[in-house]
Q: 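There's a structure below that I have some questions on.
Every heavy atom of this structure was used, including side-chain atoms; hydrogens, water molecules and symmetry mates were not. Given the structure is predicted, the values throughout are model-derived calculations rather than measurements.
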Amino acid sequence: MTDPAPGLEWIDREYFTRVLETYLHADVAVQRYELAAGCPDGQNFMSAIVRATVDYTLASAEPQGRTEKVSLIVKTKLANPELAEGADQLNVFGIEKTVYGPVLKAVRELLTSYGDCTQFAPRFIYEDEHALVLEDLAVKGYRQPDRRARLDEPHLRLAVKKLAKFHAATAVLWRKNRDLFSVLASSSFASEGNPVHLFYANAIQHCIDQTEKVPELRRYTDDLRSFLEHAIEREAKSYESDETCFTVLNHGDMWLNNLLWKYDAEGTVSDVIMVDYQESFVGSPAFDLNHLLYSSANSEIQRAGFEELVQLYTDELRDALRQFKYDGLLPDLARVQSEMATKRDHALIVTTCIVPPLILENSELATPENMLGDHEEAIRARDEIFSNPKFIEILSILLPRLMATGPNKG
């Protein structure tokens, strides 16, 4: 048995007995369990993720005493008390429990009524005041590709199709039952004390520093300085929704780290599942679409532009809305493109703040302490993160598009 890490002393045999008995509706005897980190350092700012492998027996199992094994993902609070308090203020567990519980249950029921068995998320197993417990999709062969390479066209085509169907299903449910989304009706991004605000401010400042050092990027220095002055207010507007417009449940953090992929015997990608719904909110689908494309498309696709992928998203969205008998006006390509332009400030935030840790060779540099701290070691780590030649290349590709007429003032 693995000893729990500091802050996880509540994890013991009795805990997993309670989890499995609730899930299996049977008497369970936990024989042993092992704990391991669920993701590398520097890849999660809002919760701690633990992978638990549990050996157990069922009283009703034949033959008597046969041991079963299950792998679980346990999501709980961060060990850092300051960050944990910030996550509490943002209600990240309340949001994620709502999505994994009643919202995804309603989504499954809607899809099943039309003979559609698409899976959007891991199976929700258990929740209490300590944690969320989910199925471990690694057991089913789901995994992440090399995050530093980002996503190629086959991966992105699957991702935008899955996202379009998720958006369509939640748009239908939003029109039918808005009470279902009461916890998710607005984002808490603008909440005072949100640690992400400091993260974004530090990141944008380091991007400004890079534009001053790289001759071909100097033309963007003043625009980025101007953006930094009001970045939090402008980003907060990206979360605002107009209830007269097409409205969906946004995943809210739709990037490579929150996508798990399945591959066939030939190594061809065949499915994608979305995880980490702790920043979900009701709003424009352009938020998720910008987040995915600007954070996770590889440089080749970013150079070519996103037009084909946006068209694919729109086609899939319209098809799914028709399938689920949506009773509103169907968004067309021009509407989707217009919404993405309206949310361009978020695309700039994604480019300057989310991408640098993603493509880093050593992801352990991008810890919350290094991204938020003002001590010498943290500043040195950020300098290394933001001076990465791969990131400079991305800025040279995306800043001309995002700054073509100056950042969106809306």
Side-chain angles (χ1 to χ4, degrees), residues 1-41 43-81 83-84 87-88 91-105 108 117 119-144 257-262 271 273-278:
M1 183 186 305
T2 305
D3 290 331
L8 300 179
E9 291 82 4
W10 47 269
I11 293 183
D12 55 21
R13 286 192 191 185
E14 287 70 27
Y15 182 76
F16 286 120
T17 299
R18 197 158 61 248
V19 169
L20 292 176
E21 288 188 342
T22 302
Y23 178 55
L24 299 172
H25 304 291
D27 292 333
V28 167
V30 171
Q31 305 302 317
R32 63 187 301 273
Y33 65 88
E34 294 183 358
L35 304 179
C39 70
D41 288 343
Q43 293 192 20
N44 206 299
F45 270 61
M46 292 294 182
S47 59
I49 301 177
V50 177
R51 175 173 279 109
T53 304
V54 184
D55 293 336
Y56 67 95
T57 57
L58 291 173
S60 58
E62 294 293 342
Q64 286 289 326
R66 184 183 66 193
T67 300
E68 307 280 353
K69 185 185 295 286
V70 64
S71 186
L72 306 169
I73 296 296
V74 181
K75 295 192 67 173
T76 186
K77 293 182 181 181
L78 291 164
N80 181 309
L83 291 174
D88 282 345
N91 192 31
V92 295
F93 279 101
I95 290 169
E96 196 158 27
K97 287 175 183 179
T98 299
V99 176
Y100 274 116
V103 172
L104 282 172
K105 180 175 184 289
R108 284 193 302 273
C117 58
Q119 183 179 359
F120 295 108
R123 187 172 298 164
F124 182 34
I125 289 175
Y126 180 83
E127 60 99 352
D128 60 16
E129 71 277 11
H130 293 298
L132 283 170
V133 182
L134 307 165
E135 70 170 324
D136 182 2
L137 287 169
V139 175
K140 295 182 176 179
Y142 286 86
R143 60 181 176 85
Q144 289 183 329
N257 273 16
N258 291 333
L259 298 171
L260 297 175
W261 308 85
K262 195 168 188 178
D271 191 27
I273 294 288
M274 302 182 293
V275 299
D276 281 355
Y277 290 82
Q278 57 199 15

Q: Who pairs with Arg143 by side chain to side chain donor-acceptor pair (under 3.5 Å), at least two apart in sequence or on another chain?
A: none
Q: Of all heavy-atom pairs between His25 and Thr22, which one has the smallest distance, and what is that distance?
A: CE1-O, 3.4 Å
Q: Which residues satisfy the ring-ring contact (aromatic ring centres under 6.0 Å, His included) test with Tyr142, sequence neighbours excluded?
A: none
Q: Would you name the heavy atoms of Phe93 and Ser47 that are closest together and state the gap between them?
A: CZ-CB, 4.2 Å
Q: Suppose we screen for salt bridge (Lys or Arg N to Asp or Glu O under 4.0 Å). Which residues come up paired with Lys262, at least two apart in sequence or across chains?
A: none
Q: Please assess Asp27 against Leu58 for the test side-chain contact (heavy atoms from CB on, under 4.5 Å), listing each intermediate value before the final yes or no.
A: CA-CA 6 Å; Asp27 292 333; Leu58 291 173; over 6 Å; no
Q: Might you point out which heavy atoms bring Tyr100 and Asp276 nearest each other, and give the distance in Å?
A: OH-N, 3.7 Å
Q: For the residue pair Tyr277 and Thr98, establish whether any side-chain heavy-atom pair is separated by less than 4.5 Å.
A: no
Q: Decide yes or no on side-chain contact (heavy atoms from CB on, under 4.5 Å) for Ile11 and Tyr33, but give the supporting numbers first.
A: CA-CA 10 Å; Ile11 293 183; Tyr33 65 88; 4.1 Å; yes
Q: Val50: which residues meet the side chain to side chain contact (heavy atoms under 4.5 Å, CB included) condition with it, sequence neighbours left out?
A: Leu8, Leu35, Val74
Q: Can you list every pair that meets salt bridge (Lys or Arg N to Asp or Glu O under 4.0 Å) and has a residue in residues 125-137, with sequence neighbours left out?
A: Arg51-Asp136, Lys97-Glu127, Glu135-Lys140
Q: Tell me, do Asn257 and Gln144 make a side-chain contact under 4.5 Å, heavy atoms counted?
A: yes
Q: Taking atom CG of Leu72 and atom CD1 of Ile125, what is their separation to the nearest 0.5 Å?
A: 5.0 Å
Q: Mind checking whether Phe16 and Tyr56 have ring centres under 6.0 Å apart?
A: no
Q: Mind checking side chain to side chain donor-acceptor pair (under 3.5 Å) for Tyr15 and listing every partner two or more places apart, or none if nothing turns up?
A: none
Q: For residues Glu68 and Thr57, determine if any side-chain heavy atom of one lies less than 4.5 Å from a side-chain heavy atom of the other.
A: no
Q: With a 4.5 Å cut-off on side-chain heavy atoms, are Leu134 and Phe124 touching?
A: yes
Q: What pair of heavy atoms forms the shortest contact from Gln278 to Val92, and how long is it?
A: CB-O, 3.7 Å
Q: With a 4.5 Å heavy-atom cut-off, do Leu259 and Met274 have their side chains touching?
A: yes
Q: Write down the atom of Pro122, the atom of Leu137, and the distance for their closest heavy-atom approach.
A: CG-CD1, 3.8 Å
Q: Under the rule for salt bridge (Lys or Arg N to Asp or Glu O under 4.0 Å), what residues qualify as partners of Asp55, not counting sequence neighbours?
A: Arg32, Lys69
